[in-house]
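Excluded from the calculations below are hydrogen atoms, water molecules and symmetry mates; all remaining heavy atoms, backbone and side chain alike, are included. Just so you know, ligand 1 is whichever comes first in the structure, and atom 1 is the first atom listed for that ligand.
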Amino acid sequence: MPNPRHYLQFSDLTRAEYAYLFGRSALIKGKFKRYEMHQPLVDRTLAMIFEKHSTRTRLSFEAGMHQLGGAAIYINTRDSQLGRGEPIEDAAQVFSRMVDLVMIRTYGQDIVERFAAHSRVPVINGLTNEFHPCQILADVFTYIEYRGNIAGKTVAWVGDANNMLYSWLQAAAILDFKVHFSGPAGYGVDLGRASYPVTSAEAAQLRCFDDPVEACTGAHLITTDVWTSMGFEAENTARLNAFQGFMVDRRMMAAAAPDAVFMHCLPAHRGEEVEAEVIDGPQSVVWDEAENRLHVQKALMEFLLLGELPA
Ligand code: CP
Ligand code: NVA
């Protein structure tokens, strides 16, 4: 495949391409719900490389590729040569001669970038330390399903400025919504982070607040994530202490817009980053959000392999 399209960051696609993908995701989801076959990827193979744990990402990519008519192969670091020091560039050459598409969940974003640079086939970022674009694709799609266009709306993020938050910032710049952030000192947004710094267009959509209730005031979507992301486990105790006061709770939901929804990429820790009454409450859309990983990633895989298709 000459010059394959990759999906390594949310900023890899344009606003117009997202408009197509969200429409396509709705069409693919509708067919799934009606038990109608949708198999544009018969005989195509997806390789999924996992260097970190996963439930949803593996399930959604594997089930999704199967439903599209193709096959998926699961590879992890533990029992492949990737865990024994084979250069990522060599792995990319080999993988991309045998499969049509690769999804990688790993540590540094540089690993997916280096893999993609040596791959003949599209590469999808299934989470790195820096970004989690597939989750934001699902989250924005979920917002649109519930409330319509996200442009002009406000997303409030309470907690750790992690891979999810930086992906929300990329989405805000492309899809034109605001992000309100509130987290403890030392865990805030690093506008000039050494790798993949926040662009001025992203920073223009961001407002930071000391008080999480203030960050949530009037917001249309309230969201958070674990306080300790994968790869940062050694900091767990320090983080547990630092993040006290930054649990999304009923006070924050009450300050939000009356029709605000709550999202969490999962897995969640009730009583840490989110109060049980919020994640299990009436404004929570977390199960639809999780399911939508399946539908948006089917649309994404189809798009990367076949381009835009007529409805
Ligand atoms: N949200 C998400 O990516 O979940 P997994 O870690 O289970 O894949
Ligand atoms: N920020 C979390 C997301 C898990 C899906 C992590 O990177 O571990």
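Nearest protein heavy-atom contact of atom 4 (O) of ligand 1 is R56 NE, 2.8 Å.
Just one of Q109, K52, E113 meets the side chain to side chain donor-acceptor pair (under 3.5 Å) condition when paired with T128; it is Q109.
Only the side chain of N163 comes within 4.0 Å of ligand 2, counting heavy atoms alone; its backbone N, CA, C and O stay farther away. Neither the backbone nor the side chain of L127 comes within 4.0 Å of ligand 1, counting heavy atoms alone. Of all the heavy atoms of L127, the ones lying under 4.0 Å from any atom of ligand 2 belong exclusively to the side chain.
Between the choices A138, G126, S54, the shortest heavy-atom distance to atom 8 (O) of ligand 1 belongs to S54.
Remark: ligand 2 and D225 share an N or O pair separated by less than 3.5 Å (distance only, no angle test). Looking at ligand 2, you won't find any N or O of M164 less than 3.5 Å from one of its N or O atoms. Taking any N or O of C265, backbone or side chain, at least one lies under 3.5 Å from an N or O belonging to ligand 1. Remark: ligand 1 and R105 share an N or O pair separated by less than 3.5 Å (distance only, no angle test).
Annotation for ligand 1: atoms under 4.0 Å from non-hydrogen atoms of R293 are 1 (N), 2 (C), 3 (O). Using a 4.0 Å cut-off to heavy atoms of L266, the atoms of ligand 2 that qualify are 5 (C). Applying the 4.0 Å criterion to heavy atoms of L266 picks out, from ligand 1, the atoms 1 (N), 2 (C), 4 (O). Each of the atoms 6 (C), 7 (O), 8 (O) of ligand 2 lies under 4.0 Å from some heavy atom of M230. For ligand 2, the atoms closer than 4.0 angstrom to any heavy atom of N162 are 1 (N). Of all the atoms in ligand 1, the ones that sit under 4.0 Å from a non-hydrogen atom of T55 are 5 (P), 7 (O), 8 (O).
Rounding to the nearest 0.5 Å gives a distance of 9.5 Å between CD1 of I28 and CG of L294. A distance of 5.0 Å separates CG in L101 from CG in L305, rounded to the nearest 0.5 Å.
If you chain together hydrophobic residues whose side chains sit under 4.5 Å apart, I75 and M230 never meet in one group.
Salt-bridge annotation for E130 and R193: absent, with no side-chain N of the basic residue lying under 4.0 Å from a carboxylate O of the acidic one. A salt bridge links E291 to K33: one of the charged nitrogens lies within less than 4.0 Å of a carboxylate oxygen.
Side-chain contact check for T224 and E273: no donor-acceptor pair (N or O, by modelled atom type) lies under 3.5 Å.
Using bins of under 30°, 30° to 60° and over 60° for the plane-to-plane angle, the ring pair Y18/F10 lands in the parallel bin. Ring planes of F141 and F22: parallel class, angle under 30° (limits at 30 and 60°).
Because its NZ or CZ atom is both nearer than 6.0 Å to the ring centre of Y74 and within 45° of the ring axis, R58 counts as a cation-pi partner of that residue.
The closest approach between H132 and ligand 1 falls below 4.0 Å for a heavy atom of the residue. In this structure, D160 falls outside the shell of residues with a heavy atom less than 4.0 angstrom from ligand 2.
With contacts defined as side-chain heavy-atom distances shorter than 4.5 Å, the pair P122/Y7 does not qualify.
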